[in-house]
> 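If you scroll down you'll find the structure; I have some questions about it.
In the text below, chain A, chain B and the rest are named by the order of the sequence lines, each starting its count at 1.
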Number of protein chains: 2
Amino acid sequence: MEYAEFRNDEAPSIDDLPPCPVETTAQLIGSKWRLLILRDLMEGTKRFGELKKSVGSISQKVLTSNLRDMEKKGLVVRRVYPEVPPRVEYGLTDLGKSLTPIVDAMRAWGEGYLDRARKTSWGGF
Amino acid sequence: MEYAEFRNDEAPSIDDLPPCPVETTAQLIGSKWRLLILRDLMEGTKRFGELKKSVGSISQKVLTSNLRDMEKKGLVVRRVYPEVPPRVEYGLTDLGKSLTPIVDAMRAWGEGYLDRARKTSWGGF
DNA sequence: CTGTATCCGGAGCGATACTG
DNA sequence: CAGTATCGCTCCGGATACAG
């Protein structure tokens, strides 16, 4: 552990961000899982187990670590309800929500691609 | 080698594409390097060495393998000029160019993020 | 239910050497 | 110049077991 005492309170320093905005974005969401987590949280707040199911074949460990990262980056909020059994909900911060256009663009492109792939083997370009 | 005899002629089958369009897109470009290669080729055709410099710290091996993948996916064209010394140029296919909105969305978001990061440590949300 | 702690295999990647 | 071929290592991430 190493996250334990630092969660949302540590901001990424400008100094270790790449100068290129595309690269910056890629570092924040450029991973298969983070993108899918984002996609699912955009539907609204979800519990850990719910998220695990909806994301797909992700393991619990990997989901947890990705959520921790996204929390540190300020994309995700984690809310713990002191109940028993414990309940933990994850949601997007405003910053996280602001990524919507990117995910939407990816969805739009993917739909076009799948359509084409479905009706033909797309026969090359 | 294993690519050698299959370059542009093999299309991805619809059967091994995920049903979710976001996930499909993520599989095609969801890697740090592929995104940056895309970003740079969107400026126009480039030679191998040129691309290597502009992408940044990528090694030649990794650049090559990523270009091969993207070629197989139909995103990139490779043109060899039978000269000496050899010249090889890479460019985007129409499919590759159609990804522009996604990269643009990422750039736009990244710019906003960097602006905020520059003027403050954005102190949480 | 929501995690943390380990173990471990394999992919990813850098470094280097060699080729047409 | 633009690759291919290897070696070696790091670290991601899957499986499993355990805990609050």
Side-chain angles (χ1 to χ4, degrees), chain A residues 1-8 18 23 26-38 40-41 45-73 76-91, chain B residues 1-8 16 18 23 26-37 40-41 45-73 76-91:
Chain A
M1 114 200 31
E2 128 189 45
Y3 295 148
E5 35 242 272
F6 307 99
R7 272 285 166 84
N8 254 332
E23 195 170 350
Q27 287 195 4
L28 288 179
I29 64 171
S31 121
K32 176 185 169 192
W33 294 129
R34 283 201 280 278
L35 224 28
L36 299 183
I37 292 169
L38 228 36
D40 292 342
L41 288 184
T45 291
K46 291 198 174 182
R47 298 187 54 168
F48 184 85
E50 231 177 327
L51 196 51
K52 180 161 173 0
K53 256 180 305 180
S54 72
V55 166
S57 58
I58 194 171
S59 75
Q60 188 183 54
K61 171 180 141 185
V62 174
L63 177 55
T64 300
S65 83
N66 273 285
L67 285 170
R68 292 287 175 280
D69 286 348
M70 296 171 76
E71 217 189 326
K72 292 216 300 185
K73 301 280 177 55
V76 162
V77 254
R78 178 175 185 268
R79 291 190 209 85
V80 186
Y81 298 85
E83 306 171 353
V84 46
R87 192 172 96 222
V88 181
E89 289 188 346
Y90 292 91
Chain B
M1 145 183 6
E2 133 190 40
Y3 294 150
E5 34 242 274
F6 306 99
R7 274 285 166 86
N8 253 334
D16 39 51
E23 196 170 348
Q27 286 195 4
L28 287 179
I29 63 171
S31 117
K32 176 185 170 189
W33 295 129
R34 282 201 280 279
L35 225 27
L36 299 182
I37 291 169
D40 292 342
L41 288 183
T45 291
K46 291 201 173 180
R47 299 186 54 165
F48 184 85
E50 229 177 327
L51 196 52
K52 180 162 171 5
K53 255 180 305 180
S54 72
V55 167
S57 59
I58 194 170
S59 74
Q60 134 210 101
K61 174 179 140 187
V62 173
L63 176 56
T64 299
S65 85
N66 273 283
L67 285 169
R68 292 286 175 279
D69 286 348
M70 294 170 78
E71 217 188 326
K72 292 216 301 184
K73 301 280 177 58
V76 162
V77 254
R78 177 177 186 267
R79 290 190 209 84
V80 184
Y81 297 85
E83 305 170 354
V84 46
R87 193 172 95 223
V88 181
E89 289 189 346
Y90 292 90

> Please confirm whether the shortest side-chain N or O distance from B:Trp33 to OP1 or OP2 of C:dC13 is below 4.0 Å.
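Yes, within the criterion.
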> Over how many whole Å does the gap from A:Leu67 atom CG to C:dC1 atom C1' extend?
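Going from A:Leu67 (CG) to C:dC1 (C1'), I get 15 Å.
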> Hey, does A:Tyr90 reach any base, or is it just sugar-phosphate, or nothing, if we go heavy atoms under 4.0 Å?
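Since only primed, P, OP1 and OP2 atoms lie under 4.0 Å of A:Tyr90, the category is sugar-phosphate.
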> Could you tell me the separation between the NZ atom of A:Lys32 and the C1' atom of C:dG12, rounded to a whole number of Å?
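Distance, rounded to whole Å: 15 Å.
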> Does a side-chain N-to-carboxylate-O contact under 4.0 Å join B:Arg87 and B:Glu89?
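Yes.
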> Select one nucleotide: of C:dC1, D:dG3, D:dG14, the one nearest the side-chain heavy atoms of A:Val62.
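The listed nucleotide nearest to A:Val62's side chain is D:dG14.
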> Distance check needed: D:dC1 C1' versus B:Lys46 NZ, whole Å only.
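Rounded to whole Å, this separation is 17 Å.
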> Indicate whether OP1 or OP2 belonging to D:dC1 is found under 4.0 Å from a side-chain N or O atom of B:Arg47.
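For B:Arg47, the contact criterion (side-chain N or O under 4.0 Å from OP1 or OP2 of D:dC1) is not met.
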> If you apply the rule side-chain contact (heavy atoms from CB on, under 4.5 Å), what do you find for B:Glu71 with B:Val77, and how did you get there?
CA-CA 6 Å; B:Glu71 217 188 326; B:Val77 254; over 6 Å; no
> Select base, sugar-phosphate, or nothing to describe what A:Glu83 touches, counting heavy atoms under 4.0 Å on all strands.
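No contact at all - A:Glu83 keeps every heavy atom at 4.0 Å or more from the nucleic acid.
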> Just how far, in rounded Å, is P of D:dA15 from CD1 of A:Ile58?
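Atom CD1 in A:Ile58 sits about 12 Å away from atom P in D:dA15.
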> Just so I know, are the side chains of A:Val88 and A:Arg78 near enough to count as touching, which here means a heavy-atom distance under 4.5 Å?
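Counting from C-beta outward, A:Val88 and A:Arg78 do come under 4.5 Å.
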> At less than 4.0 Å, is any side-chain N or O atom of A:Arg68 found next to OP1 or OP2 of C:dT4? Yes or no.
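The answer is yes; a side-chain N or O of A:Arg68 sits under 4.0 Å from OP1 or OP2.
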> Please compare B:Gln60 and B:Asn66 by the position of their nearest nucleotide in DNA chain C and report the one closer to 5'.
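The answer here is B:Asn66.
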> Whole Å only: how far is the CG atom of A:Leu63 from the P atom of D:dC12?
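It works out to 16 Å between those atoms.
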> Side-chain contact, heavy-atom cut-off 4.5 Å: B:Ile37 with B:Tyr90?
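No, every pair of side-chain atoms sits at 4.5 Å or beyond.
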> Over how many whole Å does the gap from B:Lys52 atom NZ to C:dA15 atom C1' extend?
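It works out to 12 Å between those atoms.
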> Under 4.0 Å: is that the gap between some side-chain N or O of B:Arg87 and OP1 or OP2 of D:dA2?
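False: B:Arg87 side-chain N/O out of range (4.0 Å or more) of D:dA2 OP1/OP2.
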> Go through the steps for A:Leu63 and A:Leu67 under the test side-chain contact (heavy atoms from CB on, under 4.5 Å), then give the verdict.
CA-CA 6 Å; A:Leu63 177 55; A:Leu67 285 170; 3.9 Å; yes
> Looking only at the side chain of A:Arg78 (C-beta and beyond, no hydrogens), which of the listed nucleotides C:dG3, C:dC13, D:dC1 gets closest?
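Nucleotide nearest to A:Arg78's side chain: C:dG3.
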> Taking atom P of C:dC1 as reference, at what distance in whole Å does atom CG of A:Leu51 sit?
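Whole-Å distance recorded here is 15 Å.
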> Among the candidates D:dT6, C:dT2, D:dT4, find the nucleotide nearest to the side-chain atoms of B:Lys61.
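Output: D:dT6.
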